[in-house]
Amino acid sequence: MMTRPTPEITPNTVRPMDVFICVHERDLGPLFEIVLDSYARHFQPKGRLTLVSNNVPQLRSFLNRTGLAGDAILLGDDEILSPHERTLPGWYRQQVIKLRAAEFTTSEHFCNLGADAVLLQTVTEDDLISGDNPILYYSKGTTMRDYLLGLPHLRYERARVDNVGRILHVEPRRAMRYGDFILDLFCFNRRYMEQLHHYLEQLYGPEPLYQILRELGDGRADSGFRKGQWSQNRFGEWTLYSVFLLDALGAPVITRNAARGYFEQVHSRRALRYARFEAKIVHLVARDLDFSSVLARLAARDPGLLNAPAGDRSVSIPTGHATPRAMPVVGAGRS
């Protein structure tokens, strides 16, 4: 049987990378429109774009109304989650979806973009992989002042690393040096993601993510998930993947400090006043930000982002990109 040769990858060859966004119905507003604009304008190694939502009809209506529908593929949460996983709290369900992205993406490397993360500069293949090795970003202050100001948050994230290490049954020595792996354009490697799932199945059996998360609890008195004292830094999808690569697998990853002009987070109204908006990616974490102020800051950095005609903003897939694989029946055989 004749097989199609694998294309040679040269330094000048752009390898398409799929991007997926988990978008809740409450995110369908002006900021998400800007996020999609920014992806269309600034994400260079475009592959397939997949939008995963708890409300696909509302998402489709939003895309049609804004002129951003393009060729994006829309999936519902329940198409990806098993019946057991659908009973998890919403925050956990989204993390499971991200960790299952190998089932609905096609490229070797694929990225998760936050529904509130704006790309302000071109993101290239070289930002995401180095040769065949993934680039693993962490965040840590680059000056003594920034390091000390960020130390409470770094300690918070190191507690997450420590707990994820217990989940993986490893001592997270390498990961602890970096601490904070939260990054709202996070790139995964397909082979490593599949190895992570195999590793978790060996430790926890079928549906390992459900088995792990149901034990953590969500802190609600009326919840069926009440074991343990819940807090948001007991688990994290990006931290789980990072600790696995660094300390369970010992993978040859390249580590880079995202605080060196690549990634910036805005956690509060007060933080917005001091935010530089000079990084390639700005994550607008706080829900109560003054949107007019946000628009002014974004316009100052990238005026075209807000002014492109609707027809120029639709997301399309480059010609010749791989046809999507058949969607596996997620949760088949599960009760």
Side-chain angles (χ1 to χ4, degrees), residues 31 91 95 112-121 123 127-128 130 134-168 170-187 216 219 229-248 251 253-291 293-294 296-298 300-302:
L31 178 57
W91 189 64
Q95 294 186 50
N112 172 220
L113 176 62
D116 50 6
V118 181
L119 308 183
L120 289 178
Q121 300 174 40
V123 174
D127 290 314
L128 304 168
S130 178
I135 294 171
L136 198 59
Y137 282 96
Y138 64 95
S139 294
K140 192 180 293 184
T142 57
T143 66
M144 183 57 68
R145 177 183 177 276
D146 288 345
Y147 175 80
L148 292 174
L149 286 173
L151 194 55
H153 181 73
L154 182 59
R155 287 171 176 157
Y156 179 86
E157 290 301 328
R158 281 176 170 161
R160 190 195 308 268
V161 168
D162 187 56
N163 200 65
V164 166
R166 284 193 288 271
I167 290 170
L168 292 173
V170 298
E171 182 67 34
R173 291 189 178 89
R174 290 180 69 194
M176 195 63 75
R177 294 204 303 266
Y178 304 111
D180 183 359
F181 297 99
I182 306 304
L183 185 75
D184 281 73
L185 178 64
F186 194 98
C187 192
L216 294 183
Q229 183 63 40
W230 182 80
S231 66
Q232 285 197 338
N233 68 340
R234 297 188 69 203
F235 184 82
E237 70 282 79
W238 301 322
T239 303
L240 180 76
Y241 177 83
S242 300
V243 174
F244 175 71
L245 261 61
L246 290 169
D247 290 294
V253 298
I254 309 299
T255 55
R256 287 184 188 169
N257 190 349
R260 297 185 185 279
Y262 186 71
F263 182 66
E264 181 179 14
Q265 297 203 69
V266 181
H267 285 279
S268 66
R269 284 175 173 263
R270 181 175 182 274
L272 180 61
R273 296 202 304 268
Y274 301 101
R276 299 184 180 94
F277 281 70
E278 293 176 352
K280 286 196 172 191
I281 306 158
V282 174
H283 180 205
L284 299 161
V285 184
R287 295 284 178 183
D288 62 344
L289 296 176
D290 175 14
F291 193 65
S293 179
V294 169
R297 301 293 296 276
L298 292 174
R301 294 300 303 167
D302 185 5

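Side-chain atoms are counted along with the backbone in the values below, which use heavy atoms only and exclude waters and symmetry mates. Keep in mind the model is a prediction, meaning the values are calculated, not measured.
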Please list every donor-acceptor pair under 3.5 Å in which a side-chain atom of residues 270-279 meets a protein atom from a residue at least two apart or in another chain.
none

Note to self: Run the side chain to side chain contact (heavy atoms under 4.5 Å, CB included) test against Asp290 and tell me which residues pass, sequence neighbours left out.
What the structure shows: Arg269, Ser292, Ser293
Note to self: I'd like to check the side chain to side chain contact (heavy atoms under 4.5 Å, CB included) partners of Gln121; sequence neighbours left out, ordered by chain and number.
What the structure shows: Lys280, Arg301
Testing the basics here: between [X] and [Y], what is the closest heavy-atom pair and its distance to 0.1 Å?
| X | Y | answer |
| --- | --- | --- |
| Gln95 | Gly236 | OE1-CA, 3.3 Å |
| Phe235 | Glu237 | CE2-N, 4.1 Å |
| Val243 | Ala175 | CG2-CB, 3.7 Å |
| Gln265 | Val285 | OE1-CG2, 3.3 Å |
| Ile182 | Asp184 | CG2-OD1, 4.3 Å |
| Phe181 | Tyr137 | CD2-O, 3.6 Å |

Taking the side chain as every heavy atom from C-beta outward, state whether [X] and [Y] have any atom pair closer than 4.5 Å.
| X | Y | answer |
| --- | --- | --- |
| Leu154 | Leu151 | yes |
| Asn233 | Asn163 | no |
| Leu246 | Tyr178 | yes |

Margin query: Checking Ile135 against Leu128 for the side-chain contact (heavy atoms from CB on, under 4.5 Å) test, could you report, in this order, the C-alpha distance in whole Å, the side-chain angles of both residues, the deciding distance, and whether it holds?
Written below: CA-CA 6 Å; Ile135 294 171; Leu128 304 168; 5.7 Å; no
Measuring from atom [atom1] of [X] to atom [atom2] of [Y], what distance do you get when rounded to the nearest 0.5 angstrom?
| X | Y | atom1 | atom2 | value |
| --- | --- | --- | --- | --- |
| Ser139 | His283 | OG | NE2 | 11.5 Å |
| Leu136 | Ile254 | CG | CD1 | 10.0 Å |
| Leu245 | Thr255 | CG | OG1 | 11.5 Å |
| Leu149 | Met144 | CG | CE | 11.5 Å |
| Asp116 | Leu289 | CG | CG | 9.5 Å |
| Trp238 | Arg160 | CH2 | CZ | 9.5 Å |

Notebook entry, point to check: Could you go step by step and tell me if Tyr262 and Val123 meet the side-chain contact (heavy atoms from CB on, under 4.5 Å) rule?
Noted result: CA-CA 9 Å; Tyr262 186 71; Val123 174; 4.1 Å; yes
Note to self: Check this for me: does any side-chain nitrogen of one of Asp162 and Arg166 sit under 4.0 Å from a carboxylate oxygen of the other?
What the structure shows: yes
Item checked: Mutual orientation of the aromatic rings belonging to His153 and Tyr156 [parallel < 30°, tilted 30-60°, perpendicular > 60°] -> parallel
Next item on the list: Could you label the plane-to-plane angle of the Phe186 and Tyr241 rings as parallel, tilted or perpendicular, counting under 30° as parallel and over 60° as perpendicular?
Entry: perpendicular
Check: Could you go step by step and tell me if Leu119 and Leu113 meet the side-chain contact (heavy atoms from CB on, under 4.5 Å) rule?
Finding: CA-CA 9 Å; Leu119 308 183; Leu113 176 62; 4.2 Å; yes
Next item on the list: Would you confirm whether Arg174, through its side chain, and Asp247, through its main-chain N or O, come within 3.5 Å as a donor-acceptor pair?
Entry: no
